[in-house]
Protein chains: 2
Amino acid sequence: MAKVGLKDIAAQTGFSIATVSHALRNPDRVADATRKKVLAAAEAAGYTPNNLAVSLRTARSGNIVVIIPDIADSHNSNIIKAIEKVARERGYSVLLGDSQGSEKREREFARMARTRQADGVILMSHRLPFDRKPGEPVSKLPPIVNGCEYTGHDDLPQIGIDDYQAGLDATRHLLDYGHRQIAVITGDIETHSTRERLRGFNDAMTAAGVTVNDDHVIQLGYTLEDGIAGAQQLMALPSRPSAIFCFSDEIAFGAMYALREMGIDVPGDVSIIGCDNIPLARYFSPPLTTIAQPTAEIGAACATLLLDIIDGNPPTEPRVVVPHELKIRESTRRLDASAANR
Amino acid sequence: MAKVGLKDIAAQTGFSIATVSHALRNPDRVADATRKKVLAAAEAAGYTPNNLAVSLRTARSGNIVVIIPDIADSHNSNIIKAIEKVARERGYSVLLGDSQGSEKREREFARMARTRQADGVILMSHRLPFDRKPGEPVSKLPPIVNGCEYTGHDDLPQIGIDDYQAGLDATRHLLDYGHRQIAVITGDIETHSTRERLRGFNDAMTAAGVTVNDDHVIQLGYTLEDGIAGAQQLMALPSRPSAIFCFSDEIAFGAMYALREMGIDVPGDVSIIGCDNIPLARYFSPPLTTIAQPTAEIGAACATLLLDIIDGNPPTEPRVVVPHELKIRESTRRLDASAANR
DNA sequence: CTCCCGATGTGAAACGTTTAACATGCCGCA
DNA sequence: TGCGGCATGTTAAACGTTTCACATCGGGAG
């Protein structure tokens, strides 16, 4: 299979390159008979356009790159899946960038937009992956949307849940269930989402008239291992919490594992609530109470927004808030008198 | 930030385009002073090469596409992560193709190799995503390697564990533990890996002198939901198995969930063994006994092999077998007399 | 019979690089 | 003095398309 180009099929049919190109791309521009002949020849020769050349000429690559901290996290991969679906429907492919949280790698991936290998960027991180001169308008940047996080640039389109409200809701659920000694294991405190959830937590607590114990807020990362470490730390405390609000389901899984290892029952002794509602959450043992994030909606919105920007239709409203939902399952339990006195 | 090209920085420095190109790419080709000037100008102007043009000229896109049935499966996403790492080290980016098991989409992704948007394909599926004329040598196909699966084309490079041996090992473990009523919930029976594992299962059973109950082999898919359905089916049987060999950890999680819902204890009443050893396996409740697949090694081998092929160094030995390992945890238990009589 | 217009086809520039081939000037060596 | 050769720089072709501007032709309107 030697590479066959427009030139070859032009030679075969006797038409010019221009005509062949028109026949293929712009059917009305050419007589019916011509088009048929060209199509037939192209088919027979197994012609496939060289998309690089097309992209070079048209200044459109047909790729978007999504920069995500960890693709192995199923919350993230579900978002990617949704992005991929929308992108594909609109004729784009997605270039995957797993940055492992490294800013350097985020920037490497973002360069693809500069080098025209990609037409835009979906960023699932809290920092802009390129330098922006103060006052530089967003229109000068490569097309970009910011998913689930916040970079501090208000004019960038963003998609995500209302993290403050999510923090509020999760905490209220625990308060409703009678808990007062409530701990949190946060995600990366650098991120806006974490800070907002934490703010929600604090506000809910003070609104309920309970002061939060400083030892009860553990700032680690979003991983399962962080959940283990956090739970261990918490349970070593003189004043053990009766409930833990974990800022991701992974953290919650880790915490539940650690508690189980310590012989502490969930939810008998300690209630656990997570965040994300990854697919496994409802099948865990015990099924995890959590704040559900609509990953499909988030991914679809990210992709739609970005492609609209690329197409020259910037959104009127940069911030899209998608709804979250408290899923009450079995990892949280109403605190009864006996447990309260532990 | 208007796009600045070689031309612009040539104009600025007074050198020709060719010299600028050389200064950037081929430092020895040019006087020291010249290079410094060019570099400085490029830096100042914020020059970034247009990789499309580079690719077009050099006939090398710097992308590889990986076609995978489901990126949200953490076994898969860990492999992707490893691929991505190696690819990046060697100057390639990975284009992600989540095919959702659809052959049509597999083919769409594979076309990228034909249209020169990608230099090669890593295929995690059991069918070739393009037509191959009988007798057509593998060298005529786009560079491709086949991970974890088998397409029926012996000359394609393949990477994976020895699935037959894995089936054997898992089954023997159960037999060792005294189980005789052993069931399996397979993955997609269309796939070579599933068939090989099943063959291993059957051989281990007959070698131990136990005949397998036909009702005990349930053929479904690789997902958690399939595990639920399979377990329900199995437990409705008059002759309940005392152990289930699940062909993926997801299946195992589903099965454990279903059993728990039915009030059946794992491993007290039924032992469960999975396959893959996804990160969560050891943290599940109970921690899952499983066959570990070295995802990092698989991914790295896939990427290395493919890039070698692209670089013109086809492997001498097309099949790479990576080692699997039985991880004994708490979801399997030795069958004692009382349980045997259930 | 002219003129104009629409339908159809073509030539050539352009996209931004890389690179083969050639030009220039200088140095050292015989 | 003359010449080969090295160091440095340049010209221009090529990669495979798209697309603007123009050429040609035939036919209908006047």
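Chain A is the first sequence line, chain B the second, and so forth, proteins listed ahead of strands; every chain is numbered from 1.
- Contacts with DNA chain D (heavy atom under 4.0 Å) in residues 27-37 of chain A: Arg29(A), listed by number.
- When each of Ile144(A), Val121(A), Leu95(A), Leu307(A) is paired with Ile64(A), the side chain to side chain contact (heavy atoms under 4.5 Å, CB included) condition holds for Leu307(A) and for no other.
- Comparing the axis of the opening five pairs of the helix from dC1(C)-dG30(D) to dA30(C)-dT1(D) with that of the closing five pairs yields an angle of 60°, rounded to 10°.
- For Asp8(A) and Lys3(A), the salt-bridge test fails: no basic side-chain N is under 4.0 Å from an acidic carboxylate O.
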**Complete:** The contact string for nucleotides 11-18 of chain D, one letter per nucleotide 5' to 3', using protein heavy atoms under 4.0 Å with B, S and - for base, sugar-phosphate only and none, comes out as B-BBBBBB

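- The cationic group of Arg319(A) does not satisfy the cation-pi geometry with Tyr150(A), failing either the under 6.0 Å distance to the six-membered ring centre or the 45° limit from the ring axis.
- A donor-acceptor distance shorter than 3.5 angstrom exists from the side chain of Gln158(B) to the backbone of Glu149(B), with no hydrogens or angles considered.
- The distance from atom CD1 of Ile122(B) to atom CG of Leu305(B), rounded to the nearest 0.5 Å, is 9.0 Å.
- Ile71(A) pairs in a side chain to side chain contact (heavy atoms under 4.5 Å, CB included) with only one of the listed residues (Ile79(A), Val66(A), Ile80(A)), which is Ile80(A).
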**Evaluation steps, side chain to side chain contact (heavy atoms under 4.5 Å, CB included), between Arg25(A) and Val54(A)** = CA-CA 11 Å; Arg25(A) 295 298 210 250; Val54(A) 175; 3.7 Å; yes

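- Remark: the backbone N or O of Gln117(A) is paired with a side-chain donor or acceptor of Ser61(A) at under 3.5 angstrom.
- Residues Pro315(A) and Ile309(A) are in side-chain contact: their nearest non-hydrogen atoms beyond the backbone lie under 4.5 Å apart.
- Cation-pi geometry between Arg107(A) and Phe130(A) is not satisfied (NZ or CZ under 6.0 Å from the ring centre, within 45° of the ring normal).
- Between Phe15(A) atom CZ and dA7(C) atom C1' the separation is 14 Å, expressed in whole Å.
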